[in-house]
Number of protein chains: 2
Amino acid sequence: MTEIEKTLEAHQVRPTAMRILIYKYMAEKEVAVALTDIESAFSKSDRSTLYRTLKTFEENGIAHQIDDGTGISKYALCESGCNCELDQDLHLHFHCSNCDETVCLTAHKIPHINLPYGYLAENANLVVKGICEKCSSE
Amino acid sequence: MTEIEKTLEAHQVRPTAMRILIYKYMAEKEVAVALTDIESAFSKSDRSTLYRTLKTFEENGIAHQIDDGTGISKYALCESGCNCELDQDLHLHFHCSNCDETVCLTAHKIPHINLPYGYLAENANLVVKGICEKCSSE
DNA sequence: AGAATAAATGCACTTCTGTTGCATTAAAAA
DNA sequence: TTTTTAATGCAACAGAAGTGCATTTATTCT
């Protein structure tokens with residue numbers, strides 16, 4: 001049994017061939033992936049299967065959905081210690097306006113925000129936009 | 001000439017009847033509005049007109065678009081001193097998971113974030129989700 | 001004022017993303 | 001092996017965003 005299969009089973013997700021492939025794809029890409037990215041990479045499979053795979057990953061804490069402000073949902077694998085299941089993983093995301101790629105900056109947590117009286121914070125999403133390391137060095 | 005007309009003209013936007021109405025509508029609502037909200041409020045007008053009005057407001061620094069993570073674009077009027085035209089107005093937004101309303105917390109600016117080497121920040125978007133003042137007091 | 005010009009509006013339609021119902025296939029349990 | 005459950009593929013729908021074009025309204029110029 002491979003590492004990936006173990007990871008999936010540890011999250012109560014049955015390691016089907018498709019799921020293993022998608023997991024591998026996401027692990028190799030170092031940026032967040034959109035459904036359409038996976039679609040073009042796995043043209044033999046159906047969009048709904050890929051969609052449901054992402055949802056399954058999300059529900060089981062294998063990946064988290066990222067809203068980077070482009071209007072397109074992207075997904076990235078959770079790293080160990082990611083608390084996104086509890087809606088409490090407050091790392092920030094960086095979206096490059098040049099290459100349109102989005103990365104997790106897991107080391108950078110969202111700072112605590114003092115809200116006005118009466119407001120209760122449950123979760124937060126911080127997306128910094130600009131030029132990523134790859135694009136700025138060209 | 002009314003205040004609203006003056007405001008529109010100050011931003012190089014011709015104060016048509018429709019635009020004045022939409023501006024008034026947004027000013028009265030204290031929360032960010034979606035295109036569909038305006039649609040139901042002005043059923044006599046066409047969606048594309050309303051859509052283009054919002055875009056015009058946005059392009060001319062009268063309103064700014066808000067991505068609150070619901071997947072639906074919302075808009076709010078800029079306050080005086082809003083720098084959203086320069087993509088540099090870093091106030092945060094609060095989205096209530098109970099009433100689904102989104103408000104600008106203009107007094108709360110996004111704290112400065114130290115990015116890894118090579119990353120250049122141009123803009124940032126911070127949305128805090130939770131329970132708003134109105135809903136928490138019920 | 002009237003003609004010419006430019007902008008705003010309304011209509012119809014398209015595209016894209018996300019989403020779901022249902023039949024079929026594959027896998028796990030009994 | 002049979003029964004049961006889960007995953008997949010197909011087809012379709014929903015909602016938001018966006019666009020081309022004709023028409024109307026407003027502005028400018030003579």
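Quick note on labels: first sequence line is chain A, next is B, and so on, each numbered from 1.
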- Calculate the interatomic distance between Q12(A) atom CD and dA6(D) atom C1'; express it in whole Å. 15 Å
- R14(A) atom CZ is separated from dA6(D) atom C1', nearest whole Å, by 5 Å
- Taking NZ, NE, NH1 and NH2 as the nitrogens, is one of them in E101(A) or K134(A) under 4.0 Å from a carboxylate oxygen of the other? yes
- Message: From CZ of R19(A) over to P of dA26(C), roughly how many Å is that when rounded to an integer?
- Response: 16 Å
- From dG10(C), dA7(C), dA7(D), nucleotide with atom closest to D46(B) side chain: dG10(C)
- Query: Considering only side-chain heavy atoms of M18(B), which listed nucleotide, dT9(C), dG18(D), dG18(C), is closest?
  - Reply: dT9(C)
- Query: Quick one: does R19(B)'s side chain have a donor or acceptor within less than 3.5 Å of a partner on V13(B)'s backbone?
  - Reply: no
- Query: When we call it a touch if two heavy atoms are under 4.0 Å apart, what does K44(A) touch: a base, just sugar-phosphate, or nothing?
  - Reply: nothing
- Message: Over 60° means perpendicular and under 30° means parallel, so tell me whether H93(A) and H64(A) are parallel, tilted or perpendicular.
- Response: tilted
- Message: When you measure from the side-chain N and O atoms of Y51(B) to the phosphate of dG18(D), is any distance below 4.0 Å, counting only OP1 and OP2?
- Response: yes
- Message: Please classify the nucleic acid contact of T49(A) as base, sugar-phosphate, or nothing, using heavy-atom distances under 4.0 Å.
- Response: base
- Task: Can you tell me the distance, in whole Å, between the CD atom of E9(B) and the P atom of dA26(D)?
- Result: 14 Å
- Task: Rounded to the nearest angstrom, tell me the gap between atom CG in L35(B) and atom C1' in dG10(C).
- Result: 14 Å
- Does the ring center of F57(A) lie less than 6.0 Å from the ring center of Y75(A)? no
- Task: Would you indicate, yes or no, if dG9(D) has its OP1 or OP2 atom less than 4.0 angstrom from a side-chain nitrogen or oxygen of S45(A)?
- Result: yes
- Message: Would you say T36(B) places a side-chain N or O within less than 4.0 Å of OP1 or OP2 belonging to dG15(D)?
- Response: no
- Roughly how many Å is it from OH in Y75(A) to P in dT17(C), rounded to a whole number? 13 Å
- What is the nucleic acid contact for R52(A), judged by heavy atoms within less than 4.0 Å: base, sugar-phosphate only, or nothing? base
- Looking at every strand, decide which applies to S48(A) at a 4.0 Å heavy-atom threshold: base, sugar-phosphate, or nothing. base
- Task: Would you indicate whether the side-chain heavy atoms of T7(B) and H11(B) approach each other to under 4.5 Å?
- Result: yes
- Task: Would you classify T56(B) as touching base, sugar-phosphate or nothing, given that sugar-phosphate means primed atoms plus P, OP1 and OP2, and contacts are heavy atoms under 4.0 Å?
- Result: nothing
- Query: Closest to the K55(A) side chain: dT19(C), dA28(C), dA8(C)?
  - Reply: dT19(C)
- Taking only the side-chain nitrogens and oxygens of T16(A), find out if one of them lies under 4.0 Å from OP1 or OP2 of dT8(D). yes
- Message: With a 4.0 Å limit, can you tell me whether R47(A) has a side-chain N or O closer than that to the phosphate oxygens OP1/OP2 of dG18(C)?
- Response: no
- Grab the CD1-P distance between I66(B) and dA16(D) for me, whole Å please. 17 Å
- Message: Output the rounded distance in Å from CG (L50(B)) to C1' (dG15(D)).
- Response: 16 Å
- Message: One thing to verify: whether E9(B) and K6(B) come together as a salt bridge, which I'm taking to mean a side-chain N less than 4.0 angstrom from a carboxylate O.
- Response: no
